Protein chains: 2
Amino acid sequence: MAEPLYRQIADSLRAEIEAGQLAPDAQLPTETELQQRFSASRNTIRDAIKSLIMIGLVETRPGQETFVAGRIEPLTTVLSGRSTGTGEMSELDMYISMKESKGRHLDVTDPQVGIQRARDELAIQLGVAKGQPVISRQQRLSIDDIPWSMQTTFYPMEFVNKGALRLIEEAHIEEGVPAYLRDAIGVTQNSSRDLIMARAPDRDEAAFFGLSGQVPVFEIQRTGFDGKGNPIRLAVIVYPADRNRFIYEEGPNPATPDGQQPLEGEIK
Amino acid sequence: MAEPLYRQIADSLRAEIEAGQLAPDAQLPTETELQQRFSASRNTIRDAIKSLIMIGLVETRPGQETFVAGRIEPLTTVLSGRSTGTGEMSELDMYISMKESKGRHLDVTDPQVGIQRARDELAIQLGVAKGQPVISRQQRLSIDDIPWSMQTTFYPMEFVNKGALRLIEEAHIEEGVPAYLRDAIGVTQNSSRDLIMARAPDRDEAAFFGLSGQVPVFEIQRTGFDGKGNPIRLAVIVYPADRNRFIYEEGPNPATPDGQQPLEGEIK
DNA sequence: GGGTATTTGTCCGTATGTATT
DNA sequence: AAATACATACGGACAAATACC
């Protein structure tokens with residue numbers, strides 16, 4: 001047995017889908033039909049389908065049928081550039097400006113504010129002592145009713161003591177947190193560092209994003225620094241990898257990507 | 001039945017692993033033992049284990065047993081900075097310099113050179129007409145005998161016509177391709193754009209990297225531009241997401257990450 | 001709303017193949 | 001060669017979700 005039967009079946013179906021014989025969003029034959037077609041047991045058919053689910057090619061709906069996964073047009077976000085990296089805008093403001101320019105419908109939940117004690121990683125990244133309280137603000141963002149990102153931002157509690165009281169209010173800060181911090185307590189961000197990783201979603205994330213198969217998420221940790229190089233905030237943003245891409249530009253003459261696939265989410 | 005049995009078992013095992021009761025690289029009980037312990041059939045136990053494989057928590061070895069996946073210490077690579085973004089170094093040189101500074105053992109295969117006709121995406125990215133020939137150079141990189149990245153770089157055929165003949169030789173270019181292009185034909189890269197995405201590995205990639213479960217890969221497309229903003233090369237680099245992270249720094253005063261997790265791969 | 005048919009999800013038992021020790 | 005453990009494959013049974021009448 002060179003190749004297991006379930007894998008042969010999976011490859012066969014995969015070929016059909018990629019050849020376009022099975023259109024996106026269209027049904028696959030039912031398990032019973034596939035059973036007859038490949039002369040295999042239902043469990044073997046199901047193993048084949050499972051392997052297709054794993055690579056995100058199909059999705060099943062109980063009571064209905066199995067569908068070829070519709071290709072999602074990924075949103076491309078430019079993460080470099082003065083507007084974000086140096087903190088003139090928050091990461092959310094970036095999308096809000098995109099909405100205006102592109103006419104997309106955008107939903108941002110009110111922040112869920114919490115105070116927790118910083119431990120290990122977080123304490124180091126925010127430059128506070130371990131066990132010190134930090135503020136966390138979590139928001140979820142949807143674009144055209146598709147869940148798009150989950151963002152948690154951490155700030156030292158010290159900022160509130162100094163007068164930035166709105167940080168602990170569960171309301172969106174219209175002018176943007178960076179502008180608010182500057183005006184309220186004179187803290188400005190002028191450099192940043194992004195740490196990018198990919199991993200499997202946890203339960204919450206899978207539920208919010210509706211990740212069926214085994215779609216990974218990006219986790220981007222953006223640390224903002226003031227002029228002296230001290231960390232002033234840490235934003236942890238989680239994006240589903242099937243609908244998001246990122247661009248970083250570098251150098252004196254950043255080329256504008258033209259002709260290429262539509263680069264939405266870019267701010268000018 | 002609130003929660004399916006196989007999921008309860010998976011959660012139970014997952015809790016044990018994360019609590020450290022089952023050490024990394026140590027065996028899980030055999031399927032037969034788990035069968036007795038949870039009073040479930042072998043197929044159900046296997047379904048539970050499959051779901052753990054999917055999230056990369058365990059790996060099975062036929063004839064042996066099931067192992068808790070050893071935590072891989074991820075390598076963090078700084079992708080911003082003049083040294084890489086403006087093309088003073090190639091992406092591979094970056095790692096070579098890392099090797100020297102950190103004393104790691106590093107293997108780079110000789111490039112596999114090909115000539116193909118550019119179509120669609122590639123033609124646009126390289127700024128050549130569709131159907132024009134382009135050079136591709138593919139190399140694979142391992143660190144301490146662990147497969148680490150696959151890199152394919154594309155150049156316009158025009159460069160060879162102008163005299164950069166070593167581009168089509170299947171030999172490593174010691175001084176680095178950017179330096180060679182500058183000296184040979186006066187082409188210099190002074191800006192770049194990185195497009196970052198994550199996806200499931202294809203067959204080749206899964207085989208080379210030895211990806212067992214459902215570990216995604218990063219695909220980074222780095223386009224290099226000359227002083228006039230014309231694309232001069234496209235590097236497509238694939239990294240397994242379980243052992244790689246990336247950093248981009250921005251702003252006038254890039255903070256050096258200290259105290260944090262070891263930031264290897266950084267060049268100074 | 002209820003009932004029924006269809007389809008996928010879960011679970012079991014069993015048999016045989018394959019890889020490793 | 002034999003024993004052990006995971007991989008594949010089949011068959012059957014019932015549950016849960018959905019659509020339709």
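Source: prediction; values computed, not measured. Per chain, numbering begins at 1; letters A, B, ... match sequence-line order.
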Please report, rounded to the nearest Å, how far the [atom2] atom of [N] is from the [atom1] atom of [X].
{"X": "A/Asn43", "N": "C/dG9", "atom1": "CG", "atom2": "P", "value": "12 Å"}
{"X": "A/Leu34", "N": "D/dC10", "atom1": "CG", "atom2": "P", "value": "13 Å"}
{"X": "B/Ile45", "N": "D/dA7", "atom1": "CD1", "atom2": "C1'", "value": "16 Å"}
{"X": "A/Arg61", "N": "C/dT6", "atom1": "CZ", "atom2": "C1'", "value": "16 Å"}
{"X": "A/Arg46", "N": "D/dG12", "atom1": "CZ", "atom2": "P", "value": "16 Å"}
{"X": "A/Glu59", "N": "C/dT8", "atom1": "CD", "atom2": "P", "value": "13 Å"}
{"X": "B/Ile53", "N": "D/dT8", "atom1": "CD1", "atom2": "C1'", "value": "14 Å"}
{"X": "B/Ile49", "N": "D/dA7", "atom1": "CD1", "atom2": "P", "value": "8 Å"}

Taking 4.0 Å as the cut-off, does a side-chain nitrogen or oxygen of [X] come that near to OP1 or OP2 on [N]?
{"X": "A/Thr44", "N": "D/dA9", "value": "no"}
{"X": "B/Thr60", "N": "D/dA7", "value": "yes"}
{"X": "A/Gln64", "N": "D/dA19", "value": "yes"}
{"X": "A/Thr66", "N": "C/dT8", "value": "yes"}

message: Is it the case that the base of D/dA5 and the side chain of B/Arg42 share a donor-acceptor contact (distance under 3.5 Å, atom types as modelled)?
response: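 Donor-acceptor pair under 3.5 Å: no.
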Could you check which of [options] has an atom nearest any side-chain atom of [X]?
{"X": "B/Tyr6", "options": "D/dC6, C/dC12, C/dC11", "answer": "C/dC11"}
{"X": "A/Ser41", "options": "C/dT7, D/dC10, D/dA17", "answer": "D/dC10"}
{"X": "A/Glu65", "options": "C/dT7, C/dG9, C/dC12", "answer": "C/dT7"}
{"X": "B/Pro4", "options": "C/dC11, C/dT8, D/dA5", "answer": "C/dC11"}
{"X": "A/Leu5", "options": "D/dG12, C/dT8, D/dA9", "answer": "D/dA9"}

field: Geometric cation-pi criterion, A/Arg137 with A/Phe154: 6.0 Å, 45°
entry: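 Here A/Arg137 fails the 6.0 Å and 45° test against A/Phe154.
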With distance as the sole criterion, is a donor-acceptor pair present between the side chains of [X] and [Y] under 3.5 Å?
{"X": "A/Asn43", "Y": "A/Tyr6", "result": "no"}
{"X": "A/Gln138", "Y": "A/Thr152", "result": "yes"}
{"X": "A/Gln221", "Y": "A/Glu219", "result": "yes"}

- prompt: Between A/Phe218 and B/Phe218, what is the ring plane arrangement, given parallel below 30°, perpendicular above 60°, and tilted in between?
  reply: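 Geometry flag for B/Phe218 against A/Phe218: tilted rings.
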Opposite nucleotide pairing with D/dT4, Watson-Crick or G-U, both atom distances under 3.5 Å: C/dA19
- prompt: Closer to the 5' end of DNA chain D via nearest nucleotide, is it A/Arg7 or A/Gly63?
  reply: A/Arg7
